[in-house]
A.B. asks: 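Can you read through this structure? Questions will come right after.
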Amino acid sequence: MEESFYQVLCYIMPILAIVVFIALFYIQAGYGIFQNKHWGISIPNRWGWVLMECPAFFFMLYLWISSPSRLQPTLLTFFILFEAHYLQRSFIFPLLMRGKSRMPIAIMLMGILFNLINGFMIGEDLFHLASAEQYSTSWMSSPTFIGGLLLFISGMGINLHSDHVIRHLRKSGDTRHYLPQKGMYRFITSANYFGELIEWIGFAILTQSTAAWIFVLWTFANLAPRAYSIHKHYCEEFGKEAVGQRKCLIPFIY
């Protein structure tokens, strides 16, 4: 039953990702700098992020615990990397938030649904469908694992630093908007998104998991249109000369 559901999702989710990618160029998700009342009832941003992101953390924990191979070194490493991201995103990132932004409940619910599906797909693929021989200890010395791990760590570092830059753009009580200038923001206007994209590309490379690659597709489908909207917003607010040659999401490319 679970395997059949997983197989169905492997066909459906890439198609939905393409639909979402196209739709988000026309529909702005009403949170962050695009917060508006058209999305209906909202809750404090901090609580929205916790409730939206934590299902992936807890679902992956359940799937890992229920796996007979959970202590196999390679699978344990996959689990730790995934949970490290969602520990930060679910519980640390919201606590560090500043300001009084709000998140529409509709967006939060969509995020919860996606994180449940994504957590199921990756957890099921790695901890229940893959054979023990596939991810033997020798996997951890392969070029794909080492290269993917370096990308994952680099992406997480970029993501964390970029979030730090955004949080410290203005002092307490200051309500003005500023154009981020430090770190990867010298090259792109959505450096935090770039870091997250690189992070999950690294995870997909080091696991060679079909579900992980589908997650990369979804990450790009969700972040690329939003990065484009943010870039356009910065050009309108600060002027094209201030934004300069910065790209939206991928340095020197997009």
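If you read the sequence from its start, that first residue is 1, and numbering goes on from there.
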A.B. asks: Can we call the ring centroids of Tyr135 and Phe78 under 6.0 Å apart?
C.D. replies: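 So the answer is yes for these two rings.
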A.B. asks: Distance only, no hydrogens: is a donor on one side chain within 3.5 Å (strictly under) of an acceptor on the other, for Thr189 and His233?
C.D. replies: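 The answer is no; no qualifying pair exists.
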A.B. asks: From the options Phe82, Trp218, Tyr193, Phe220, select the one residue that forms a ring pair (Phe, Tyr, Trp, His ring centres under 6.0 Å) with Trp200.
C.D. replies: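 Result: among Phe82, Trp218, Tyr193, Phe220, Phe82 is the only option passing the ring pair (Phe, Tyr, Trp, His ring centres under 6.0 Å) with Trp200.
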A.B. asks: Rounded at 0.5 Å granularity, tell me how far CG in Leu87 sits from CD1 in Ile80.
C.D. replies: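 Spacing of CG (Leu87) from CD1 (Ile80) equals 12.0 Å.
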A.B. asks: List the steps, then state whether side-chain contact (heavy atoms from CB on, under 4.5 Å) holds for Met184 with Phe194.
C.D. replies: CA-CA 9 Å; Met184 289 299 297; Phe194 173 69; 3.7 Å; yes
A.B. asks: Which value, rounded to the nearest 0.5 Å, describes the distance between Glu124 atom CD and Leu9 atom CG?
C.D. replies: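 Atom-to-atom, Glu124:CD and Leu9:CG are 10.0 Å apart.
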A.B. asks: Please test Glu2 against His128 for side-chain hydrogen bond (donor to acceptor under 3.5 Å, both in side chains), starting from the C-alpha separation and ending with a verdict.
C.D. replies: CA-CA 10 Å; Glu2 290 181 0; His128 293 274; 5.5 Å; no
A.B. asks: Within the supplied structure, the quantity of interest is the number of heavy atoms (other residues, nucleotides, ligands) at a distance under 6.0 Å from Tyr62 OH; does it exceed 12?
C.D. replies: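 Count not over threshold, so no.
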A.B. asks: Are Met121 and Ile117 close enough that some pair of their side-chain heavy atoms sits under 4.5 Å apart?
C.D. replies: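 Yes, their side chains come closer than 4.5 Å.
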A.B. asks: Do you know the tightest heavy-atom contact between Ile146 and Ser141?
C.D. replies: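 Nearest pair, atom of Ile146 first, then Ser141: CD1-O, 3.8 Å.
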A.B. asks: Mind checking whether Val216 and Leu16 sit in one hydrophobic cluster, side chains of I, L, V, M, F, W, Y counted as touching below 4.5 Å?
C.D. replies: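 Cluster IDs for Val216 and Leu16 match.
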A.B. asks: Tell me whether the rings of Phe5 and Phe120 are parallel (<30°), tilted (30 to 60°) or perpendicular (>60°).
C.D. replies: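 If you compare the ring of Phe5 with that of Phe120, the planes turn out tilted.
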A.B. asks: Look at atom CD1 of Ile41 and say whether more than 12 heavy atoms of other residues, nucleotides or ligands are closer to it than 6.0 Å.
C.D. replies: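 Counting neighbours around CD1 of Ile41, 12 or fewer heavy atoms of other residues, nucleotides or ligands fall under 6.0 Å, so no.
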A.B. asks: Within the 4.5 Å heavy-atom criterion, are Pro180 and Ile166 side-chain neighbours or not?
C.D. replies: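 Yes, at least one pair of side-chain atoms sits under 4.5 Å.
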A.B. asks: Answer yes or no: is there a side-chain heavy-atom contact under 4.5 Å between Arg98 and His168?
C.D. replies: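 In contact.
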A.B. asks: I'd like to check Leu76 versus Trp64 (side-chain heavy atoms, cut-off strictly below 4.5 Å). Are they in contact?
C.D. replies: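 Yes, side chains in contact.
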A.B. asks: Yes or no on side-chain contact (heavy atoms from CB on, under 4.5 Å) for Ile205 and Trp213, after CA distance, side-chain angles and deciding distance?
C.D. replies: CA-CA 8 Å; Ile205 291 174; Trp213 280 113; 3.8 Å; yes
A.B. asks: Which value, rounded to the nearest 0.5 Å, describes the distance between Asn115 atom CG and Met60 atom CE?
C.D. replies: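 Separation between the atoms: 10.5 Å.
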A.B. asks: Please check if the number of heavy atoms outside Phe25 that lie under 6.0 Å from its CZ is greater than 12.
C.D. replies: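 Count over threshold, so yes.
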A.B. asks: Do the non-hydrogen side-chain atoms of Leu206 and Trp139 ever get within less than 4.5 Å of each other?
C.D. replies: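 Leu206 vs Trp139: side chains apart.
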A.B. asks: Go through the steps for Arg226 and Leu24 under the test side-chain contact (heavy atoms from CB on, under 4.5 Å), then give the verdict.
C.D. replies: CA-CA 7 Å; Arg226 186 166 173 81; Leu24 286 179; 6.0 Å; no
A.B. asks: State the CG-CG distance between Leu75 and Leu126, to the nearest 0.5 angstrom.
C.D. replies: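 Leu75 atom CG to Leu126 atom CG measures 7.0 Å (nearest 0.5 Å).
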A.B. asks: Quick one, Glu83 and Phe57 - any side-chain contact, counting heavy atoms below 4.5 Å?
C.D. replies: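 Answer yes - side chains close enough.
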A.B. asks: Linking I/L/V/M/F/W/Y whenever any side-chain heavy atoms sit under 4.5 Å apart, do Phe21 and Tyr11 land together?
C.D. replies: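 No.
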A.B. asks: Please report the shortest heavy-atom distance between Gly111 and Met52, naming the atom on each side.
C.D. replies: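 That would be CA-CG, 3.5 Å.
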A.B. asks: Considering non-hydrogen atoms only, spot the tightest contact between Ser67 and Phe127 and give its length.
C.D. replies: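 Between these two residues, the closest heavy atoms are OG-O, 2.8 Å.
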A.B. asks: Examine Phe203 together with Phe215 and report whether their ring centres are nearer than 6.0 Å.
C.D. replies: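 They do not qualify: ring centres at least 6.0 Å apart.
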A.B. asks: Looking at Glu3, I want to see if its CD is surrounded by more than 12 non-hydrogen atoms of other residues, nucleotides or ligands under 6.0 Å.
C.D. replies: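 No, not enclosed.
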A.B. asks: Could you walk me through whether Met108 and Trp47 satisfy the side-chain contact (heavy atoms from CB on, under 4.5 Å) test, starting with their C-alpha distance in whole Å, then the side-chain angles of each, then the deciding distance to 0.1 Å, before giving a yes or no?
C.D. replies: CA-CA 10 Å; Met108 182 196 73; Trp47 283 108; over 6 Å; no
A.B. asks: Between atom CG of Asn45 and atom CE of Met97, what is the distance when rounded to the nearest 0.5 Å?
C.D. replies: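 That separation rounds to 4.5 Å.
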A.B. asks: Side-chain contact test, heavy atoms from C-beta onward, threshold under 4.5 Å: evaluate it for Phe79 versus Leu61 and give yes or no.
C.D. replies: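 Side-chain contact under 4.5 Å: yes.
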A.B. asks: Between Ala227 and Leu249, which heavy-atom pair has the shortest distance, and what is it?
C.D. replies: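 In this case the closest contact between Ala227 and Leu249 is CB-CB, 4.0 Å.
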A.B. asks: Taking all non-hydrogen atoms of both residues, which atom of Thr77 and which atom of Met140 are closest, and how far apart?
C.D. replies: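 Closest pair (atom of Thr77, atom of Met140, distance): OG1-CE, 3.4 Å.
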A.B. asks: Side-chain donor-acceptor pair under 3.5 Å between Arg89 and Asn159, yes or no?
C.D. replies: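 There is such a pair between these side chains.
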A.B. asks: Would Ile15 and Phe114 show up in the same hydrophobic cluster when neighbours are defined by side-chain heavy atoms closer than 4.5 Å?
C.D. replies: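 The answer is no; the residues belong to distinct hydrophobic clusters.
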A.B. asks: What's the separation between atom OG1 in Thr207 and atom CZ in Phe145, rounded to the nearest 0.5 Å?
C.D. replies: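 Answer rounded to 0.5 Å: 10.0 Å.
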A.B. asks: Identify the two heavy atoms, one from Ser90 and one from Val50, that lie closest to each other, and give their separation to 0.1 Å.
C.D. replies: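 Ser90 and Val50 have their closest heavy atoms at O-CG2, 3.2 Å.
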A.B. asks: Is Phe58 reachable from Leu95 through a run of hydrophobic residues whose side-chain heavy atoms are each under 4.5 Å from the next?
C.D. replies: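 Result: no, two separate clusters.
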A.B. asks: Does a side chain donor of either His85 or Glu199 reach within less than 3.5 Å of an acceptor in the other side chain?
C.D. replies: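 Short answer, yes.
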A.B. asks: So Tyr228 and Tyr254, do their side chains get closer than 4.5 Å, heavy atoms only?
C.D. replies: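 Yes. Closest side-chain heavy atoms under 4.5 Å.
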A.B. asks: Is Val19 reachable from Leu113 through a run of I, L, V, M, F, W or Y residues, each pair having side-chain heavy atoms under 4.5 Å apart?
C.D. replies: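 Per the 4.5 Å side-chain linkage, Leu113 and Val19 are not co-clustered.
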